[in-house]
2 protein chains.
Amino acid sequence: MTTVQREHQQGHLRTSAGLASELRPSVMRLARRLRQVRDERDELNPNQLSVLAVLVNHGDLPIGELAALEKVQPPSMTRIVNGLEERGLVARQPDATDRRSSRVHLCDSGRQIVLANRRRRDQWLAIRLAELDAAEREVLRLCIPILEKVNHA
Amino acid sequence: MTTVQREHQQGHLRTSAGLASELRPSVMRLARRLRQVRDERDELNPNQLSVLAVLVNHGDLPIGELAALEKVQPPSMTRIVNGLEERGLVARQPDATDRRSSRVHLCDSGRQIVLANRRRRDQWLAIRLAELDAAEREVLRLCIPILEKVNHA
DNA sequence: TATTGTTATACTCTATAACTATA
DNA sequence: TATAGTTATAGAGTATAACAATA
């Protein structure tokens, strides 16, 4: 690497470091406030809601994969899924090829809870975005694909 | 409100709603990944780390106010603070004017843990920002004050 | 009498270990 | 013999209730 290239690289990193330390708290604070927006009537704990969201995003999954994705042990996931099943939000479906296993199927009532919470958060955010001017919203619109690029890096 | 004004308003809301539903997942996903970046050596649970961060942001506070900010009951905060005090990360300081109360003082070792975690997250993000081009970083730079406006709305 | 914080106790949630059923 | 999942049990962590000290 040449001196010019190294200085260019260092300049990049310096710029990125400064940007990161300003962007991080703004993003985390907004996410924290969005996370607080949820329906308190559905008496589900954060783990149960998170499992429902995973099923919406990934489709039906066996207990073991759910446990791995949620970073809990299988016995804990058994308990979480039991709670969701008792409420009729998911249903265990026997695996056709392996009778030890069963897939956790997301029922429509479970899906509706996730979608309703997302709508609630979107509405909360939309109200605040409506207070901005068009140019500010345009900047936010531009940053979405960039954030996605960062997310998938 | 005139028909034109109503349509203008609805147009605004429609625009903001669409933007919100795209921006929300991007922001929440990035925040989730940032939250996962932490030092596993410090054997503190999320609540303990959160209390340290509150003390960094708000300064020393009495147990009751900490409990209210963290949305836990006072006995739970007593327990959390006991754990932090045993590790020398905070210290109870008697209140000069009210001898029932004491302020939870953030020790330097406690502050360093919070700052170290922030540095870690900033570095993680900076590496990903460095992979963007200058124009993309400029967009993100522009969006910071807008996000702050949303956060303070 | 009201308030701040702690102690006592019960409940919830999670993990580890042991077990069942199937591969 | 190995694997998916459940049951049994113990360990954190939180909440409610009762209490102590002070205002």
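Here is how names work: the chains are called A, B, and so on, in the same order as the sequence lines, proteins then strands, and each is numbered from 1. As the structure is a computational prediction, the values presented were derived from the model and not from experiment.
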So does A:R92 get a side-chain nitrogen or oxygen closer than 4.0 Å to the phosphate oxygens (OP1/OP2) of D:dT6?
yes

In whole Å, what is the span from the CZ atom of B:R100 to the P atom of C:dT7?
17 Å

Calculate the interatomic distance between B:E70 atom CD and D:dG13 atom P; express it in whole Å.
15 Å

Stepwise, does the side chain to side chain donor-acceptor pair (under 3.5 Å) test hold for B:N82 with B:R92?
CA-CA 9 Å; B:N82 285 346; B:R92 282 180 172 81; 2.9 Å; yes

Examine B:R120 relative to B:W124 and say whether NZ or CZ is less than 6.0 Å from the centre of the six-membered ring and inside a 45° cone about the ring axis.
no

What is the distance from CG of A:L49 to P of C:dC13, rounded to the nearest Å?
12 Å

Do A:V54 and A:V51 touch side chain to side chain, with heavy atoms closer than 4.5 Å?
no

Length of the CG-P vector between A:N82 and D:dA8, whole Å
13 Å

Rounding to a whole Å, what distance do you find between B:D95:CG and C:dT3:P?
17 Å

Under 4.0 Å, heavy atoms only, any strand: does B:N45 hit a base, just the sugar-phosphate, or nothing?
sugar-phosphate

Rounded interatomic separation in angstrom, taking CZ from A:R79 and P from C:dC11:
13 Å

For the pair made of CD in A:Q73 and C1' in D:dA10, what is the distance, rounded to whole Å?
15 Å

Phosphate OP1/OP2 of C:dC13: any A:S76 side-chain N/O under 4.0 Å
no

May I ask you to say what A:T78 touches in the nucleic acid, namely base, sugar-phosphate or nothing, with a heavy-atom cut-off under 4.0 Å?
base

Distance check needed: D:dA23 P versus B:D98 CG, whole Å only.
5 Å

Choose from C:dT22, C:dA17, C:dT6 the nucleotide whose nearest atom is closest to any side-chain atom of B:P75.
C:dT6

Applying side chain to side chain contact (heavy atoms under 4.5 Å, CB included) to B:H58 and B:E65, what does each step give before you reach the verdict?
CA-CA 11 Å; B:H58 292 78; B:E65 288 187 38; over 6 Å; no

Pair A:R141 + B:E22: basic N to acidic O under 4.0 Å
no

I want to verify a distance call: between D:dA15, D:dA23, C:dG5, whose nearest atom is closest to the B:S101 side chain?
C:dG5

Nearest-nucleotide comparison on DNA chain C, the residue closer to the 5′ end among B:M77 and A:V72:
B:M77

